[in-house]
Structure formats: structure tokens, C-alpha cells
Amino acid sequence: MSATVVETRLGRGGEDRPVVVIGAGPAGLAAAEHLLDAGVRVVVLDGAPQVGGLSRSVQLWGERYDLGPHSFYSSSHPESVRRWLDLAGAAGGVERTVARRGAVWRGRAVAFPPGPRDVLRAVGPAGALTLAASRTAARLPARRAGAAPRTAHEALVARHGRAVVEELFVPYCRKYLGVGPQQLSAAFADKLLGTRAGFSGPVELLTPARGTGAVWEELARRLRERGARILLGTAVTGLSTEDGRISAVTARDADGESTLPVRAVVSSVPPPLLLRWLPGAGTPPAPGAGLPPLRSRDTHLVHLLVEGEVGQDAHYVTAYDESLRVGRLTNTRAWRPRRFAGAPRTVLCAEFWSSGDDDLAARSDSELAQLAVAELPALGVDRGVRVVDCDVLRLPRSVPVLSLGHEAVLADVDERLDAYPNLVRVGRHGRHDWDGQEDSLLTGRSIGAHVLQLPA
Ligand SMILES: Cc1cc2nc3c(=O)[nH]c(=O)nc-3n(C[C@H](O)[C@H](O)[C@H](O)COP(=O)(O)OP(=O)(O)OC[C@H]3O[C@@H](n4cnc5c(N)ncnc54)[C@H](O)[C@@H]3O)c2cc1C
């Protein structure tokens, strides 16, 4: 392929070398905005046909839905909330609701946090006393003054008491992340108990009327207007180096592969991918090297189109009960009540989690949809609801697992990748963190002043 074709396709056009951002998800777009603010030329590359990454919206049954309803918490970092509201306001407005949460616990659909009657019905008077005593003990000053927790289990016990943790968090972690909280880092508990998923008190949810993807489409529109190039359907396949720096990015689109000289790279893809693209940087620690691999879980989403309303009006019901395979059920009507007021049908979304090598991953789309439908009554949905249609979406490696010891693996990866002074990592996968959109909006500010000052 001639140099002119390459330059036309990726936008080199004889200008200064750009900073290339890999991924047009929230983190990549936020980083691109920060670079533009500093007057740096930016090219964003994404293999997907649309922007938004995991926060994109998809068209189903004539309406836009998120990959599992996505919302913003009004209690997030004020700077993130301000910037997000500015984008969402321009992208069709926001619906504000107070989260109604449910749970399936010991086979019963209950409110969450469960009230005293729910607790009594689930575990009986003796069990209720044990839970209460355990919670109280966790709050005693003597317990609180102990050593800093190492595992998520220790952190959760310190906050909620051992009995609550064994009842709810142990099955939740096993289902969601494939391991118990004893195998998870305390950092996971910090995220779980932070503002994103507060387990007590009212939580205000901000949901874009036109789906969360509209927010990121609006940001992409603004970036393009300011001169950024955002090339979709263009997957990065390799990086080249020269004198210890990243010198070029190779990407493939529908017409073939091309290579673009770069000033720097901001990446929102998982570090193992970067290590593969940079042969000199080595490989992630081998199994047996004493470090766990960086693990991520897959999400399988089953959207169900149901006649009428469904009796279960919680925003989400978390199935702590391991006898159910569904992990979480969301009712899109609850998230966008104005948008769906008077709608003759309801869309529910059942989320399953797996590691890609279990029976959930092996089920066909129709088998997974049948499983979701069969478990609806246990999740509090009226028996006999009529499911008219379904859609199954698979999201491989969408949930980074913060395993115990993952910090050491990340330190090892940092050491290899930080050797390249013009390579930065951002976002949920780039930093292997259990991040939400609010973290992505701050990510652009975290790319490091040195990237803004690199010579063109
Ligand atoms: C089911 C589910 C529900 C969620 N709910 C919420 C919620 O309610 N609120 C919230 O704040 N957050 C939620 N999140 C988290 C939120 O989706 C993520 O935090 C956010 O999308 C992460 O942004 P990111 O840019 O770091 O990564 P991503 O959104 O994953 O973007 C990464 C991008 O990189 C691209 N890419 C990958 N490989 C390549 C390659 N080789 N070349 C070019 N491009 C590539 C991908 O196509 C993708 O567009 C949820 C996540 C899931 C899975």
C-alpha cells in the first residue's frame, strides 16, 4: 500500500504526528478531549462501528437501550457530574429517579436493603438476631481500629459484619466474579462500597432519555467539530517502536491494514494486548510465576420484550441466591419512566456472568433466553407474563476482576509498559479497574502532562 493511501486513510496528510487514542469508549473520548484542550492533534481509533464502548446504546424494537441500563450517580465526583450533565443535556435530556433495589435471598424476592420483616421471613428470628449482632460487633471501636484489610472479605466484614457477608456478599462475589471475596483484593470492596453502588441509603440515578450511548455520541460530535479524527471500524493490530518509544500504530479497517506514525499513544485496551503488540516488552507473568493472571469476566445480556407491565418495578433485582443463574434483572421502565410512560410493552434485561469456559458460555442464545424467562417469577416478575421477543448480547471480558494479588501483576505490567515514555493507559481495561463512567470522565485528566508536551 502506498504511503499516500496510508496517510489519507488515517489522516496523516503531511501534518504533525498526532497522538493516537485507542478506543472510542468513555475513557478514550475523555482523553481525546483533554488532548484537544491542550492543542494537540488527535486521532481516535476504534474497531467497533460506533462510539461509546461498553457505554454504547443499541437499537432494539424501535428504541435505544444500553448494555444493561447505564446510569450516572448524582453522588459521583462533582466535576464528572457537571461534565456528564452538560453532555447528557445536549443529547436529549436526563431522567432522574431514586433507585429501587430488590434482591433474591434464600429463594425470596425482597426489597434491598431488606427491611426487618424481609429479614425475619428469610432467616427466621434466630438468624435475624445473628445478623444484627454481627453488624453491631463490626461497628465496635475496638474492631474498627484493627489492621487495614487485605482481602475484600476482611473489608466487607469490617463494614457489615461476618454474618451479613456470608449471607449476601460471598454468593454475590462467586456469581459475579467467579470467586469468593477471600480471593478478591480489598480494593474491590472499596469500589463496591463506594459511591457507585452504595448499599444503603437513597441513591439518585441519572439516566439519559435517549440511552447512555447518546452522551458519548455527543462528546464525539463535539470532538470532531474541534478537529479530532475518530475512525470507527478501525481496529489497532500492532505498535512499532524506535529508540525506546512508540513510533507508529498499525490498524485494520474494511480496506486493509495501514500504519500511522505517532507522537504518543493513549490506550484504553487491556495491558496484555499491549504486551502482545510490543514484543520487546515481554509477556504477562506466566502461570506458576507466583502471580495470578489479570482476569476478566464475560457478561451475557438477555433483553426480553414483555407484554404490559410486569409486577416487578425495581430498577434492579440482584439475585444473591445461587440457586438462580441470573445475576441481575433490570426493568428499563424504572430507569426512564417518562420515556416509557404508557408504553404497551416492557423491556427487561437479565444479566448472566461467566468466565467463558462454563456452561453459561456454552449455551446457545435461545437456551440462555429460555433460562432467563424460566427464572423471571423467582425474581418477582408476575407469573404468566407474555414474552414476545428476546435478544442476546455477549460482552466478552467486560468485568475486570480485582483478584487478590492483582496489584503485583499490575506493578509488573507497569514496569514493562512505563518503559515507553509516550504510552499511557486509561479506563476500565487500560488500568484493569472496576471503573464506571464517572472514572472515565476523569481519566482524560490523568494521562500525564508529559504527553501534552511531547514534541510533534
Ligand atoms: C453490564 C454493564 C453495566 C454497566 N453499568 C454501568 C452503570 O450503570 N454506570 C456506569 O457508570 N458504568 C457502568 N458500567 C461500566 C461502564 O460501561 C464502563 O466503565 C465504561 O464504558 C468504560 O469505559 P472505557 O472507555 O474505559 O472502556 P470501554 O467502554 O470498554 O471502551 C473501550 C473501547 O476500546 C475499543 N477497542 C478494543 N480493542 C480495540 C482495538 N484493538 N482497536 C481499537 N479499539 C479497540 C472497544 O471497541 C471499545 O469501544 C457497566 C458495564 C457493564 C459491562
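Each ligand, and each atom within it, is numbered from 1 in the order the structure gives.
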Worksheet entry | Salt bridge flag under 4.0 Å for residues D86 and R82 | no

Discussion item. With a 4.5 Å cut-off on side-chain heavy atoms, are V381 and L329 touching?
Written reply: yes

Discussion item. Quick check on contacts: which atoms of ligand 1 are under 4.0 angstrom from a heavy atom of A27?
Written reply: 24 (P), 25 (O), 26 (O)

Fill in: Nitrogen or oxygen atoms of D435 and ligand 1 under 3.5 Å apart
yes

Worksheet entry | Element-labelled atoms of ligand 1 that are located less than 4.0 Å from some non-hydrogen atom of L67 | 1 (C), 2 (C), 3 (C)

Worksheet entry | Ion pair check, R222 and E225, cut-off under 4.0 Å | no

Worksheet entry | Sub-4.0 Å atoms of ligand 1 with respect to non-hydrogen atoms of G427 | 26 (O)

Item to complete: Examine ligand 1 and decide if any of its atoms is less than 4.0 Å from a heavy atom belonging to G52.
Response: yes

Worksheet entry | Nearest-0.5 Å distance, NE2 of residue H70 to CG of residue L67 | 6.0 Å

Worksheet entry | Lys/Arg N to Asp/Glu carboxylate O, D358 vs R325, below 4.0 Å | no

Worksheet entry | Numbering as shown, the atoms of ligand 1 that approach V236 to under 4.0 Å (heavy-atom distance) | 40 (C), 41 (N), 42 (N), 43 (C)

Worksheet item: Do N422 and V265 have side chains that get closer than 4.5 Å, going by heavy atoms?
Response: no

Discussion item. Below 3.5 Å, N or O to N or O, backbone or side chain included: is there any such pair between S398 and ligand 1?
Written reply: no

Item to complete: Any atoms of ligand 1 less than 4.0 Å from a non-hydrogen atom of G47? List them with their elements.
Response: 43 (C), 44 (N)

Worksheet entry | Pair D365 + R394: basic N to acidic O under 4.0 Å | yes

Worksheet entry | Option with minimal heavy-atom separation from atom 32 (C) of ligand 1, where the choices are A48, S268, S440, G68 | S268

Worksheet entry | Proximity winner for atom 28 (P) of ligand 1, if only heavy atoms of D66, L54, T234 are counted | L54

Fill in: Distance-only polar pair, side chains of T250 and T259, donor-acceptor under 3.5 Å
yes

Worksheet item: Got H77 and L442 here, is their nearest side-chain heavy-atom distance under 4.5 Å?
Response: yes

Worksheet item: Of the choices G436, S76, S71, which has the non-hydrogen atom that lies closest to atom 9 (N) of ligand 1?
Response: S71

Worksheet item: So, Y320 versus F112, ring centres under 6.0 angstrom or not?
Response: yes

Discussion item. At under 4.0 Å between heavy atoms, is it the side chain or the backbone of P69 that contacts ligand 1, or both, or neither?
Written reply: backbone

Worksheet, complete the sentence: A student comparing R297, R428, R252 should find that the heavy atom closest to atom 22 (C) of ligand 1 comes from R428

Worksheet item: Are F72 and W84 an aromatic pair by the rule of ring centers under 6.0 Å?
Response: yes

Practice prompt. Give a yes/no on ligand 1: does W277 have at least one heavy atom closer than 4.0 angstrom to it?
Written response: yes

Discussion item. What I want to know is whether H429 and ligand 1 share at least one N or O pair that is separated by under 3.5 angstrom.
Written reply: yes

Worksheet item: Looking at L45, which atoms of ligand 1 are within less than 4.0 Å of one of its heavy atoms?
Response: 43 (C), 44 (N)

Worksheet item: Which ligand 1 atoms, with their elements, are less than 4.0 angstrom from a heavy-atom of E438?
Response: 11 (O)

Worksheet item: With a 4.5 Å heavy-atom cut-off, do V104 and V317 have their side chains touching?
Response: yes

Worksheet item: Without hydrogens or angle criteria, can the side chains of T241 and S247 be said to hold a donor-acceptor pair below 3.5 Å?
Response: no

Fill in: Option whose closest heavy atom lies nearest to atom 48 (C) of ligand 1, chosen from D46, V269, L274
D46

Worksheet entry | Within reach of ligand 1, part of I22 (heavy-atom separation under 4.0 Å) | side chain

Worksheet item: For ligand 1, is there an atom lying under 4.0 Å from some heavy atom of G430?
Response: no

Worksheet item: Considering distance alone, does some N or O of F72 sit under 3.5 Å from an N or O of ligand 1?
Response: no

